[in-house]
Amino acid sequence: MSTRVWDYLPEYERERQDLLDAVESVFASGQLILGESVRSFENEYASYHGVAHCTGVDNGTNAVSLALEALGVGRGDEVITVSNTAAPTVVAIDSVGAVPVFVDVHPDTYLMDTSQVAAAITPRTKALLPVHLYGQCVEMEPLRRLARTHGLRLLEDCAQAHGARHHGRLAGTMGDAGAFSFYPTKVLGAYGDGGAVITSDDDVDKALRRLRYYGMEDVYYVVRTPGHNSRLDEVQAEILRRKLRRFSSYLECRRAVADRYAEGLRDLTGPDGLTLPTIAPGNDHVYYVYVVRHPRRDEILEKLKRYGIELNISYPWPVHTMSGFAHLGYGEGSLPVTEALAREIFSLPMYPSLPKDTQDKVISALHEVLATS
Ligand SMILES: *Cc1c(COP(=O)(O)O)cnc(C)c1O
């Protein structure tokens with residue numbers, strides 16, 4: 001059997017009874033939509049973050065787009081973000097009619113280069129959308145300052161950064177709102193789709209609850225401003241509640257896997273060798289993915305195929321080079337760091353229950369392959 005880059009089955013085996021009990025408890029509750037489990041999960045997730053509100057939604061993409069809408073971002077507004085992200089970040093901006101504006105990423109962390117943001121602000125800029133990619137946070141203070149000075153909204157895409165901290169503060173608590181995905185692979189993953197938005201702004205939360213529920217507010221059946229149907233499913237919410245109780249142990253396991261990689265691969269690093277993840281000052285990394293870099297990436301991946309190890313690239317095509325976003329006018333060469341990364345990065349298997357011997361297999365395979373590359 002090949003080694004998968006992500007696998008939930010070992011974890012499912014371990015947690016099976018609790019997870020099946022979660023499903024049973026919802027089925028037996030008599031309330032299948034927006035019931036006790038969604039309400040409780042929202043309260044528990046808000047309280048974990050020390051914020052006033054959490055609204056459960058159907059997935060991470062809609063968490064971003066509903067949050068943008070709730071923050072007043074709409075047609076023709078510009079939203080500054082990065083191209084080195086999962087495409088849904090940008091799809092969400094597009095779906096509210098706003099225009100994505102890209103800045104490049106920092107060559108060490110691969111996260112938004114905040115020094116480029118000021119120059120990207122125009123009279124049409126409405127929001128900043130940093131992405132806490134791979135499991136560590138973007139440098140937030142410069143963005144908070146720019147948002148204050150220019151009257152911009154600040155939304156954090158936290159789909160890869162549940163539990164990540166920046167100078168002690170949790171991802172999602174440093175701007176106007178934080179959008180999360182609970183897609184199964186994520187640091188807090190459901191057994192299906194799910195998402196949430198956290199905020200301490202009462203009006204933003206009120207808008208989110210209206211937007212996820214057709215646009216209905218206090219009176220059922222009455223829509224003043226049309227919304228969407230983006231509810232978090234009751235079964236997924238109950239599963240997420242159970243997993244939230246074990247959340248700190250998932251983070252510990254991910255960090256242990258990362259430490260073992262760092263230890264085992266250190267001797268392969270160097271200017272013409274492997275580059276391991278760089279943790280920015282003040283960051284606690286949660287390692288959603290373990291991204292390494294090598295100038296001869298494709299050759300290495302080709303050779304690694306023989307070892308039956310599945311590897312992933314996050315992401316092989318920068319969003320600005322995709323045909324669906326060609327109309328934005330960013331050609332090849334417009335975001336050089338992002339484009340170089342797309343050619344050189346790859347991700348090693350990473351999940352909390354990754355067995356040690358499997359990990360050692362990855363480490364030794366990399367040693368063998370790099371000895372001849
Ligand atoms: C996964 C992801 C999303 C989208 O989440 P879905 O639940 O799959 O819709 C958005 N942004 C980033 C950065 C992601 O990694």
Side-chain angles (χ1 to χ4, degrees), residues 5-6 8 41 45 54-69 73 79-96 98 100 102-103 105 109-112 127-138 140 154-164 171-172 175 177-198 208 211-212 228-233 235-237 239-240 243 254 285-291 312-320 322 324-325 338 341-342 345 347 350-351:
V5 72
W6 178 79
Y8 72 93
F41 174 69
Y45 205 58
C54 169
T55 297
V57 297
D58 52 350
N59 58 63
T61 310
N62 288 339
V64 176
S65 65
L66 265 59
L68 287 170
E69 207 174 329
V73 178
V79 177
I80 300 174
T81 191
V82 285
S83 172
N84 185 38
T85 182
T89 306
V90 186
V91 169
I93 295 171
D94 180 78
S95 76
V96 300
F102 299 119
V103 294
V105 291
T109 59
Y110 316 158
L111 301 173
M112 177 182 266
L128 308 179
L129 179 42
V131 182
H132 302 316
L133 202 70
Y134 307 143
Q136 73 169 325
C137 292
V138 174
M140 288 300 289
L154 180 53
L155 172 63
E156 301 170 69
D157 183 338
C158 307
Q160 305 192 359
H162 317 64
F180 290 84
S181 164
F182 305 121
Y183 183 81
T185 63
K186 308 286 179 171
V187 180
L188 180 62
Y191 277 67
D193 278 310
V197 182
I198 62 171
L208 284 163
L211 288 168
R212 76 162 173 193
H228 314 272
N229 178 358
S230 282
R231 299 178 292 246
L232 175 62
D233 183 76
V235 173
Q236 299 303 339
I239 288 171
L240 288 165
K243 292 190 64 172
R254 282 181 183 275
H285 205 309
V286 294
Y287 298 102
Y288 168 57
V289 281
Y290 194 87
V291 174
N312 204 7
I313 301 174
S314 306
Y315 294 92
W317 299 287
V319 178
H320 73 281
M322 297 178 181
F325 295 104
T338 297
L341 282 176
I345 57 172
S347 315
M350 167 60 81
Y351 48 95

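We count residues from 1, following the sequence as given. Both counts, for ligands and for their atoms, begin at 1 and track the order of listing.
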Reference residue His132; test side chain to side chain donor-acceptor pair (under 3.5 Å); the match among Gln160, Glu156, His162: Glu156
Ring centers of Phe182, Tyr191 separated by less than 6.0 Å: no
Which heavy atom in Ile93 sits nearest to a heavy atom in Val79, and how many Å separate them? CD1-CG1, 3.8 Å
If only side-chain N and O atoms count, and only distance matters, is there a donor-acceptor pair under 3.5 Å linking Asn312 with Ser347? no
I want to check something: taking the side chain as every heavy atom from C-beta on, are Leu232 and Asp58 in contact at a cut-off of under 4.5 Å? no
Does the ring centre of Trp6 sit less than 6.0 Å away from the ring centre of Tyr8? yes
Neighbour list for ligand 1 [protein residues, heavy atom under 4.0 Å]: Asn59, Gly60, Thr61, Thr85, Ala86, Pro88, Thr89, Val131, Asp157, Ala159, Gln160, Ser181, Tyr183, Lys186
